[in-house]
Protein chains: 2
Amino acid sequence: MKNDYEKQLRDAGVRITRPRRVILDILSQTDGHPDALEIFKRAVEVDNSISLSTVYRTMKLLEEQGAIHRHAFDGGPSRFEQAGNQHHDHLIDMETGDVIEFHSEMIEKLQEEIARSLGYEIIHHRFELYGRKLKK
Amino acid sequence: MKNDYEKQLRDAGVRITRPRRVILDILSQTDGHPDALEIFKRAVEVDNSISLSTVYRTMKLLEEQGAIHRHAFDGGPSRFEQAGNQHHDHLIDMETGDVIEFHSEMIEKLQEEIARSLGYEIIHHRFELYGRKLKK
DNA sequence: ATGCATGCAAAAAATTTGCAAAACG
DNA sequence: CGTTTTGCAAATTTTTTGCATGCAT
């Protein structure tokens, strides 16, 4: 997928600077869930003047713009992924750290129902399964 | 609820020291979801020689023993609650920070199904709703 | 007694911030 | 050209750890 967030962000009044473009490119070329440090390391390979602060600042900005999602899986640092794909939840393989994405319409519906019955409207949610691969 | 983890822990070979007893008492007198610092502050009121390190070490120990659950709600520090009550998930009021507990058998079943269909066995899961109170 | 637990201070890990200089539109 | 953004270093926040001493069993 091409990095076509650029126009979208520009329209939202976000300046597209060199560091931001580098980070956006990295995000659109990745389908994993890298943390800030990983993004930083890859960014430095492209432009060695980029700083870790800028990565953090950019992640916050992109999150506010809805361009990425931030995850905080058990313990570790925040990990990011581009938004825009269809919504999904995560299953984390506790042995390998692998992240498997899944989607359940049923779950989505249920949580709406639960929230409504408690008198709430959902802004966002986290649904993470932590498991171990079954031997067949 | 009385602090009756003591016997249970003792049987598991865990030494019951003064700091640990103080912390266990605090946990059993609380039905919120305090973080380490809050527990530390309350502990100091009972015994001013307790250190924050010990609180952290004790929380890790109790977690391993299954006596408490650790939560990492969006952003903030780890927050703890005693285990032993029936399993439940959390809805976090984004305006007040209040934590509302709920339980859905349907959700429990669904996640088992999802994990199984992906070839996994669930060790634990996190299901958190972040929402805003509906005005009626 | 003897090993495990504690307090303290220092280290680590993750993230944020102040500020002067540089870059964007 | 006026703002916004950046890099850097330093500060914060949360948590962990090394080590000498103290306490539980």
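Chain letters run A, B, ... following the sequence lines, proteins first and then strands; every chain starts at 1.
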Between [N] atom [atom2] and [X] atom [atom1], what is the distance in whole Å?
X       : N      : atom1 : atom2 : answer
B/Lys60 : C/dA5  : NZ    : C1'   : 15 Å
A/Leu37 : C/dA13 : CG    : P     : 11 Å
B/His71 : D/dT14 : NE2   : P     : 18 Å
A/Leu61 : C/dT15 : CG    : P     : 17 Å
B/Glu38 : D/dT15 : CD    : P     : 11 Å
B/Arg79 : D/dT15 : CZ    : P     : 12 Å
A/Leu24 : D/dT5  : CG    : P     : 13 Å
A/Asp35 : C/dA13 : CG    : C1'   : 11 Å

- Message: Is the distance between the ring centroids of B/His124 and B/His87 under 6.0 Å?
- Response: no
- Residue list, salt bridge (Lys or Arg N to Asp or Glu O under 4.0 Å) with A/Glu63, at least two apart or on another chain: A/Arg70
- Audit row: A/Thr30, A/Arg42, side chain to side chain donor-acceptor pair (under 3.5 Å) steps and yes/no: CA-CA 11 Å; A/Thr30 303; A/Arg42 293 194 222 171; 2.8 Å; yes
- Task: Measure the angle between the two terminal helix axes of the helix from C/dA1-D/dT25 to C/dG25-D/dC1, five base pairs each, and quote it to 10°.
- Result: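 The angle, to the nearest 10 degrees, is 40°.
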- Query: Quick one: which of D/dG7, C/dA14, D/dT16 gets closest to the side chain of B/Tyr56?
  - Reply: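 Looking only at side-chain atoms, B/Tyr56 lies closest to D/dT16.
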Checking the side chain of [X] only, and the main-chain atoms of [Y] only, is there a donor and an acceptor separated by less than 3.5 Å?
X        : Y        : answer
A/Tyr130 : A/Asp74  : yes
A/Glu38  : A/Asp35  : yes
A/Arg20  : A/Arg15  : yes
A/Arg132 : B/Ile123 : no
A/Tyr5   : A/Ala83  : yes

- Item | Close residues, residues 10-18 of chain B, relative to DNA chain C [heavy-atom separation under 4.0 Å] |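 Residues of residues 10-18 of chain B under 4.0 Å from DNA chain C: B/Arg15, B/Thr17.
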- Query: What residues in residues 44-54 of chain A put a non-hydrogen atom under 4.0 Å from any atom of DNA chain C?
  - Reply: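 Heavy-atom contacts with DNA chain C come from A/Leu52, A/Ser53.
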- Query: Start at the 5' end of DNA chain D and walk down; is the nucleotide closest to B/Phe80 or to B/Arg57 reached first?
  - Reply: B/Phe80
- Output all residues satisfying ring-ring contact (aromatic ring centres under 6.0 Å, His included) with A/Phe40, sequence neighbours left out; order by chain, then residue number.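 Partners of A/Phe40 under the ring-ring contact (aromatic ring centres under 6.0 Å, His included) test: none.
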- Item | Electrostatic pair B/Arg21:B/Glu6 at N-O distance under 4.0 angstrom |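 Answer for the salt bridge query: yes.
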- Message: Closer than 4.0 angstrom, basic N to acidic O: yes or no for B/Asp11 and B/Lys7?
- Response: yes
- Query: Looking only at heavy atoms, what is the nearest atom pair of A/Arg126 and B/Ala72, with distance?
  - Reply: NH1-O, 3.2 Å
- Message: To check you understand the geometry: which heavy-atom pair defines the closest contact between B/Leu52 and B/Ala36, and what is its length?
- Response: CD1-O, 4.1 Å
- Message: With the threshold set at under 4.0 Å for non-hydrogen atoms, list the residues of residues 62-69 of chain B touching DNA chain D in residue-number order.
- Response: none
- Query: Do the ring planes of B/His88 and B/His90 sit parallel (below 30°), tilted (30 to 60°) or perpendicular (above 60°)?
  - Reply: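 Rings of B/His88 and B/His90: perpendicular, as their planes differ by over 60°.
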